[in-house]
Amino acid sequence: MKILVINAGSSSIKFQLFEMPAGTIAAKGMVERIGQADAQLHYSANTHQICRSVQAADHQQAMKAILAILTDAQAGAVKDAAEIQAVGHRVVHGGEEFTGSVKINDAVLKSIERFADLAPLHNPPNLTGIQAARQALPNAVQVACFDTAFHATIPQTAYLYGLPYEIYEKYRVRRYGFHGTSHRYVARRAAELMGRDKYALNAITCHLGNGCSITAVKNGRSVDTSMGLTPLEGVIMGTRCGDLDPAIVFYLADKGYTVAQLNEMFNKKSGLLGISGVSNDMRNLTEQAAKGHPRAQLAIDIFCYRIKKYIGAYTAVLGTLDAVIFTGGIGENNAAIRRQILSDLPQLGIEVDAARNEAREPKERLISTDRSRVKVYVIPTNEEAAIAADTYRLVQS
Ligand code: ADP
């Protein structure tokens with residue numbers, strides 16, 4: 001069965017075509033700069049590598065371009081679009097309603113629209129992607145996989161903020177958490193690597209990409225996570241500030257900053273970029289720090305320090321810790337950051353093996369020493385494969 005996985009952003013649609021249940025990738029690519037005159041299609045399948053400009057004034061047109069290339073006589077991966085029996089969509093916010101992936105119907109669409117209030121940058125383009133796919137493939141089963149769903153098991157003690165209870169009742173202001181598909185995927189994978197049942201693992205999963213979040217996984221289920229009502233909370237990220245004293249908002253408002261300016265500052269100008277004044281990209285920061293740039297080094301130090309603090313806190317939350325898992329662009333590729341985060345933690349039973357940490361292959365590997373009580377893994381995330389697997393399971397059911 002061919003399953004198409006779609007990740008629709010405000011100006012791009014990423015896609016992967018899976019052959020299920022094998023899970024092999026038949027084709028993948030993206031359309032970027034949707035809405036602009038210079039929209040681009042990137043595509044690869046078998047021996048074909050294509051990069052060309054396409055007509056994509058909106059998501060509908062981008063979707064058409066994707067189906068055109070997928071069914072192309074030379075480069076295509078299917079003869080007929082009807083071979084694509086299902087489409088799995090990444091949806092960022094599922095509110096309190098969605099605790100797992102679901103088949104999409106009109107009621108589901110309405111809910112995703114309602115939660116746009118909580119994820120104004122993400123849910124609207126996700127919805128547009130679903131509508132475009134429904135139009136282009138009217139006979140395919142459409143499935144939504146939510147970034148928040150894995151965190152539905154977080155207990156109230158961990159998800160409620162210290163605000164008046166009515167604020168939760170009235171507006172559903174609470175911790176939701178994000179990157180759930182990634183945290184779930186790497187936690188399940190670690191259980192497999194350790195030869196354990198997926199519900200018999202206590203782990204701390206560190207998704208460190210442009211956005212970063214840390215999750216405490218107890219008996220295979222998320223029990224706490226660093227991101228909150230929105231992806232702004234938690235550790236510092238490429239351009240996001242992470243945890244703050246909320247009074248900073250009032251203080252800066254008194255200094256004349258508007259809500260819109262603070263929103264922009266906290267989301268786009270803070271974190272690694274804001275502290276270093278150099279870049280939001282860890283590769284650049286590592287390079288600059290090595291050349292002696294003090295604020296690049298400071299940004300790296302704060303990044304690692306905050307993550308270490310979460311690992312300590314979540315170790316206490318879990319009681320016993322079996323594994324720490326690194327994933328995402330930084331987590332998978334930056335050995336120095338992993339080393340710094342996990343330095344001097346013998347009291348937690350965590351000991352990183354220098355050679356295993358520095359080795360680049362295999363990508364998925366154990367990096368702790370043989371005597372380390374807690375296993376440490378690097379596991380490349382694969383949200384698309386997880387979405388394809390969920391979609392396949394729902395189509396079969
Ligand atoms: P996103 O969260 O947007 O999916 P990524 O997971 O690719 O982004 O993470 C981006 C971060 O990962 C950047 O800070 C980048 O420097 C870092 N990164 C990505 N690839 C590498 C690599 N090969 N080596 C070192 N750092 C990398």
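Since the structure is predicted, the reported quantities are computational estimates derived from the model, not experimental observations. As the structure lists them, so they are numbered: ligands from 1, and atoms in each ligand from 1. We number each residue from 1, following the sequence as shown.
- The salt bridge (charged side-chain N to carboxylate O under 4.0 Å, His left out) pairs that include a residue from residues 74-95 are R90-D147, where partners are two or more places apart or lie in different chains.
- Between F98 and F146, the two ring planes are parallel [angle under 30°; tilted spans 30° to 60°].
- Contact residues of ligand 1 (protein heavy atom closer than 4.0 angstrom to a ligand atom; sorted by chain and number): G209, N210, G211, D281, M282, R283, G328, G329, I330, N333.
- Electrostatic pairing of K110 and E113 does not count as a salt bridge here, judged by no charged N lying under 4.0 Å from a carboxylate O.
- Sorted by first and then second residue, the ring pair (Phe, Tyr, Trp, His ring centres under 6.0 Å) pairs with a member in residues 205-255 read H179-H207; sequence neighbours excluded.
- Between E32 and K14, none of the side-chain N atoms (NZ, or NE/NH1/NH2) sits under 4.0 Å from a carboxylate O, so this pair counts as no salt bridge.
- The hydrophobic side chain of Y199 is isolated, with no ILVMFWY side chain under 4.5 Å apart from it.
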